[in-house]
Protein chains: 2
Amino acid sequence: MNDLEVRQLRYFVAVAEELHFGRAAARLGMAQPPLSRSIRELERRLGVTLFERTTRQVTLTAAGEVLLRDARDVLAAIAAAARRARHAGRPAPRLRLALKADHDGGLLPRILAAYRREEAAPPVELLLGGRGEQDQALRDGRADVALLAVPCDERGLDVEPLLTEPRLVALSAADPLAARSSLRLADLAGRTRPDGSPADRDDLGPPVGSGERPPKTDREPAVVTHRAASDLTQIFKLIELGDTVAFLPACVTRRYPRPGIVYRPADDLLPVTLAVAWPQNSHSPAVAAFVRAATAVAASDEQDTTMPPEAVTRSSG
Amino acid sequence: MNDLEVRQLRYFVAVAEELHFGRAAARLGMAQPPLSRSIRELERRLGVTLFERTTRQVTLTAAGEVLLRDARDVLAAIAAAARRARHAGRPAPRLRLALKADHDGGLLPRILAAYRREEAAPPVELLLGGRGEQDQALRDGRADVALLAVPCDERGLDVEPLLTEPRLVALSAADPLAARSSLRLADLAGRTRPDGSPADRDDLGPPVGSGERPPKTDREPAVVTHRAASDLTQIFKLIELGDTVAFLPACVTRRYPRPGIVYRPADDLLPVTLAVAWPQNSHSPAVAAFVRAATAVAASDEQDTTMPPEAVTRSSG
DNA sequence: ACCGTTGATACCTTGCGGATATGAATGATC
DNA sequence: GATCATTCATATCCGCAAGGTATCAACGGT
């Protein structure tokens with residue numbers, strides 16, 4: 001049939017991103033003429049011109065922009081399909097759970113216990129990652145299910161909220177602001193967050209573009225991390241040095257009382273909602289079992305919300 | 001690279017659906033040996049066996065089942081991408097709005113008026129269809145935006161609820177039940193709905209499989225429609241004949257008072273929510289304009305909810 | 001006016017996808 | 001239990017389309 005081919009989409013995305021046939025061809029590891037011809041063939045099949053080209057510059061048409069979005073999605077979906085199939089073909093496929101270390105609202109042990117009591121419960125493989133990596137891992141087939149903070153990019157995912165809890169500002173005990181009992185985000189001007197972004201605004205929310213870099217502050221902070229710190233111990237180290245602050249869910253702050261660090265509420269710091277998420281077309285019984293377990297634990301936890309969290313018995317250290 | 005090809009996925013889906021290489025090859029319009037070889041090549045690339053085959057029967061492995069879901073999605077996404085690109089390449093691309101005739105909650109005229117006042121508002125092209133066709137039209141690239149009833153299959157879509165309104169049972173004035181002022185679904189046992197499904201249960205909800213047939217009743221009704229009636233006039237004809245009942249949103253019943261038909265509330269008939277929906281990766285300004293218009297109209301309408309709907313001035317007939 | 005850049009064209013080569021012929025294995029039949 | 005039919009796999013050939021090289025043509029900057 002007159003079907004689009006994956007190769008054509010790959011080529012198209014390369015040219016659309018480079019806006020230069022020569023560079024795109026180099027990126028694809030091929031010569032320029034066959035690339036030009038392949039794009040022409042794609043345009044012929046679609047009956048649509050995708051690029052306006054002169055010998056000096058190449059621009060996307062409106063149709064090209066539309067196709068670019070879809071083509072990226074399709075290519076990602078194909079790669080994800082391959083990954084998922086490969087995983088499912090392993091002799092004993094595990095349930096790959098993506099989460100950010102310690103950001104599980106303290107529910108993880110109970111969720112895992114409830115999960116293991118389910119019928120179809122293959123062993124769980126943890127996939128630890130930084131903020132915003134969980135949804136990506138679900139989409140590209142590296143994970144089967146995730147515990148993540150919403151809002152996030154929910155495209156292609158099913159998301160079930162579990163619990164909402166406030167976040168606190170973690171700052172050095174030596175910080176002047178530590179003397180105050182409550183803060184506002186504006187008070188944090190000049191300080192940075194562990195990922196390098198400025199701390200006086202809360203950029204929580206779905207990441208818009210895929211190739212997004214963390215915005216840089218104009219004035220250089222005293223401490224610059226080469227890579228964004230994702231490990232909590234690294235983060236605490238940075239905070240103790242001053243100049244860096246972090247917004248941490250209450251469950252994390254309760255678990256990590258540290259001498260050099262204080263936690264303060266901030267009025268305009270939005271609470272974070274923990275959710276369980278999975279790919280929309282997943283019909284895996286293991287995923288279903290995990291989701292059941294997670295929602296059951298969260299529901300039983302909600303009834304305890306009336307008593308203060310200190311009153312809850314800690315089962316283990 | 002070791003990338004999957006669309007052709008391989010098409011072949012795989014055909015074999016997975018037929019579970020027979022010969023028939024699958026016939027369906028694909030090709031000979032059986034190259035099909036077998038192509039599947040083997042796919043398995044080699046994935047490093048996974050997708051089918052257990054003996055000379056007498058072919059079965060899907062677990063990995064095959066996983067890939068089948070993803071492959072169907074990918075193929076649909078590619079076809080949709082092609083359709084969308086073709087449409088976007090037309091000289092004056094229109095905004096294609098999918099909806100079910102008359103099931104617009106009476107909002108459509110005002111939504112269209114508000115939409116036309118927006119900045120980027122290309123002409124609207126209506127795409128009328130039966131229940132459950134709207135989400136499909138969005139997914140496969142035939143429509144850019146839709147007004148539809150939730151719950152529906154929201155996979156790949158963004159959905160914004162507009163208004164919720166009760167549904168009423170439409171039945172023949174000659175029906176014994178017409179004497180009662182209120183019904184329950186159980187009272188409707190034995191009657192059928194216009195699509196042929198039994199009327200004593202409400203199968204509202206997301207359709208599970210793609211190739212689902214409407215369930216047949218065991219006892220044959222007096223009137224059998226060859227195709228499911230989707231046109232309201234056809235539906236009314238059937239209802240007048242008795243034996244058929246329909247669940248219609250209040251906005252429809254208000255617009256169509258008919259002598260031979262009465263509308264009765266049913267206690268356990270869930271209300272229907274009208275929503276505006278669009279493909280998740282759509283960044284079209286026209287779609288954004290339409291969604292803004294629809295939500296604005298719905299919001300302004302919500303304030304009038306306190307007064308009974310009869311009190312609302314009817315602008316046109 | 002000249003030169004460099006860049007996409008298009010022409011032509012050749014090759015690898016892969018498809019067809020035909022045939023083999024091998026398995027279940028059914030008498 | 002020998003035979004046959006069914007069905008997937010293998011062997012081999014062929015044609016086309018994807019990729020490479022050489023070259024042209026158009027446009028911009030100096």
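By convention in this document, chain letters (A, B, ...) are assigned in the order of the sequence lines, proteins followed by strands, and residues within each chain are numbered from 1.
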Measure [atom1]/[X] against [atom2]/[N] and give the value in whole Å, please.
X	N	atom1	atom2	value
A:Leu19	C:dT5	CG	P	20 Å
A:Arg53	C:dT9	CZ	C1'	14 Å
B:Leu35	C:dG18	CG	C1'	11 Å
B:Ile39	D:dT10	CD1	C1'	17 Å
B:Gln57	C:dA28	CD	C1'	15 Å
A:Glu41	D:dC16	CD	P	15 Å
B:Leu42	C:dG17	CG	P	12 Å
A:Glu5	D:dA18	CD	P	8 Å

**OP:** Report, as a single string ordered 5' to 3', how protein heavy atoms within less than 4.0 Å touch nucleotides 19-30 of chain D: B base, S sugar-phosphate only, - not at all.
**Re:** BBBB---BBS--
Charged N to carboxylate O under 4.0 angstrom, [X] versus [Y]?
X	Y	result
A:Arg10	A:Glu17	no
B:Arg84	A:Glu65	no
B:Arg7	A:Asp3	no
B:Arg69	B:Asp73	no

Original post:
Centres of the A:Tyr11 and A:Phe21 rings: under 6.0 Å?
Top reply: no
**OP:** List for me each residue that meets side chain to side chain contact (heavy atoms under 4.5 Å, CB included) alongside B:Ala14, sequence neighbours excluded, and say none if there are none.
**Re:** B:Ala24, B:Arg27, B:Leu28
Original post:
Any side-chain N or O of B:Ser36 less than 4.0 Å from the OP1 or OP2 oxygen of D:dC8?
Top reply: no
